[in-house]
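Everything below concerns the one structure shown next.
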There are 2 protein chains.
Amino acid sequence: MGLAKTEMFTDEQNKIALFAKVFGHPARVSILQHLFKINACVCGDLVNEIGLAQPTISQHLKELKHLGLIKGSVEGTSVCYCIDTDNWAKMKRVMLQFLDQDVSKTECC
Amino acid sequence: MGLAKTEMFTDEQNKIALFAKVFGHPARVSILQHLFKINACVCGDLVNEIGLAQPTISQHLKELKHLGLIKGSVEGTSVCYCIDTDNWAKMKRVMLQFLDQDVSKTECC
DNA sequence: TTTATTCATTGCAATATTACGATTAAGTAT
DNA sequence: ATACTTAATCGTAATATTGCAATGAATAAA
């Protein structure tokens with residue numbers, strides 16, 4: 001099918017999965033790391049930075065923007081992207097809660 | 001294509017993407033949360049707990065096992081699953097480093 | 001006004017993912 | 001041995017993802 005049966009899961013589970021999914025491609029990881037590293041708007045050079053074709057990068061940026069993790073503002077002919085810090089923080093809280101579940105000492109298997 | 005060009009990214013970026021990808025489906029999120037919640041080996045009842053068919057659950061478990069996040073041990077006719085705490089901790093370190101990148105005050109866009 | 005430049009969108013091919021019925025494998029019980 | 005239980009695997013259909021060439025839209029430069 002290729003189609004997740006989201007209706008049988010909680011909103012939280014679906015949200016975690018959506019965030020994780022967008023991190024599930026190295027190009028998007030790389031884009032985000034670059035945006036963090038230069039800590040400013042990046043106008044265009046993402047295509048040079050990462051080795052993928054321009055439409056491919058554009059598509060990855062669209063997905064990141066769709067989830068609200070980055071913002072883009074038009075600046076003449078180019079577009080400036082940067083991390084949406086508020087939404088990043090919100091996402092982080094959700095993911096941390098999932099990752100920080102801790103197993104008590106009880107070893108079983 | 002549907003095929004990520006992993007060779008143009010760092011090992012770290014690929015590793016983050018691999019972990020994130022496995023969390024990118026609510027069924028696997030749900031399985032992991034359940035394993036954490038009951039904090040013991042789960043023998044079988046995941047199929048009842050989650051509403052998917054047995055082969056589907058088995059396939060998701062396989063992916064989680066393949067990444068080392070869970071272990072399964074045969075117990076008679078059934079199989080007991082639980083979190084692999086060591087590997088979970090390792091994964092957590094990698095993901096936290098990615099999520100905790102912090103944007104300094106510089107607001108741009 | 002033409003010509004670049006920059007980025008989004010469209011369309012498409014290749015591959016991956018998700019889900020499940022049917023089957024198999026392996027252990028248990030009768 | 002036979003029947004039952006549990007879980008993995010196989011095969012397959014439906015859908016999603018990835019990547020890029022071609023094209024389009026919008027601004028800037030000549």
Side-chain angles (χ1 to χ4, degrees), chain A residues 1-9 13-14 16-31 34-35 41-67 70-82 109, chain B residues 1-9 13-14 17-32 34-35 41-67 70-82 109:
Chain A
M1 309 234 152
L3 171 61
K5 294 196 156 179
T6 57
E7 74 279 3
M8 44 184 25
F9 302 102
Q13 287 163 344
N14 283 313
I16 293 170
L18 277 181
F19 283 132
K21 204 171 185 178
V22 90
F23 298 144
H25 194 293
R28 292 188 290 262
V29 169
S30 175
I31 288 172
H34 188 66
L35 290 181
C41 283
V42 138
C43 297
D45 49 41
L46 280 168
V47 176
N48 306 321
E49 195 67 25
I50 304 171
L52 296 168
Q54 180 266 323
T56 308
I57 298 290
S58 191
Q59 197 174 310
H60 286 307
L61 288 169
K62 191 178 175 184
E63 290 175 64
L64 290 168
K65 200 156 63 177
H66 184 250
L67 267 189
I70 64 174
K71 319 186 253 194
S73 62
V74 181
E75 200 92 6
T77 74
S78 57
V79 179
C80 287
Y81 287 104
C82 63
C109 308
Chain B
M1 308 233 154
L3 172 60
K5 293 198 155 179
T6 57
E7 73 280 3
M8 44 183 27
F9 302 102
Q13 287 163 343
N14 283 314
L18 277 181
F19 283 132
K21 203 171 187 180
V22 90
F23 298 144
H25 193 292
R28 290 188 292 262
V29 170
S30 174
I31 288 173
L32 290 166
H34 187 66
L35 290 181
C41 283
V42 140
C43 296
D45 49 42
L46 282 167
V47 175
N48 305 321
E49 195 68 26
I50 304 171
L52 296 168
Q54 179 266 322
T56 308
I57 298 291
S58 191
Q59 197 173 310
H60 286 308
L61 287 169
K62 190 178 173 183
E63 290 174 65
L64 290 169
K65 201 155 64 176
H66 183 249
L67 267 188
I70 65 175
K71 318 186 256 195
S73 62
V74 180
E75 200 91 5
T77 73
S78 56
V79 179
C80 288
Y81 288 104
C82 63
C109 305

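Numbered from 1 within each chain, the chains take letters A, B, ... in sequence-line order.
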If I take atom CG in residue Asp45(B) and atom C1' in nucleotide dT6(D), what distance separates them, rounded to the nearest angstrom? 12 Å
How long is the gap from CG on Leu64(B) to CD1 on Ile70(B), to the nearest 0.5 Å? 4.5 Å
Rounded to whole angstrom units, what separation is found between the CD1 atom of Ile57(B) and the C1' atom of dT6(D)? 14 Å
Quickly work out the Leu67(B) CG to dT17(C) C1' distance and round it to whole Å. 15 Å
At under 4.0 Å, does any side-chain N or O of Lys21(A) touch on OP1 or OP2 of dT17(C)? no
Taking atom CD1 of Ile31(B) and atom NE2 of His25(B), what is their separation to the nearest 0.5 Å? 9.5 Å
Going from CG on Leu18(A) to CD on Glu63(A), what distance comes out if it is rounded to the nearest 0.5 angstrom? 11.0 Å
Between P of dA7(D) and CG of Leu64(B), the distance in whole Å: 16 Å
Leu46(A) CG to dG19(D) C1', in whole Å, measures 17 Å
Output side-chain donor-acceptor pairs under 3.5 Å for residues 46-54 of chain A, partner residues at least two apart or in another chain, one line each.
none

Taking CZ from Arg28(A) and P from dT18(D), how many angstroms apart are they, rounded to a whole number? 4 Å
Please tabulate, for the side chains in residues 55-62 of chain A, all donor-acceptor contacts under 3.5 angstrom to protein atoms that are two or more places apart in sequence or on a different chain.
residue: His60(A); atom: ND1; partner: Arg28(A); partner atom: NH1; Å: 3.0

Atom pair distance, as rounded to whole Å: OH in Tyr81(B) and C1' in dT6(D): 10 Å
For Thr77(B), which residues count as a side chain to side chain contact (heavy atoms under 4.5 Å, CB included) partner, sequence neighbours excluded? none
Heavy atoms under 4.0 Å is the rule here; annotate nucleotides 19-30 of chain C 5' to 3' with B where the base is hit, S where only the sugar-phosphate is, and - elsewhere. BBBB----BS--
Nearest-nucleotide 5' precedence on DNA chain D, Glu63(A) against Val47(B): Val47(B)
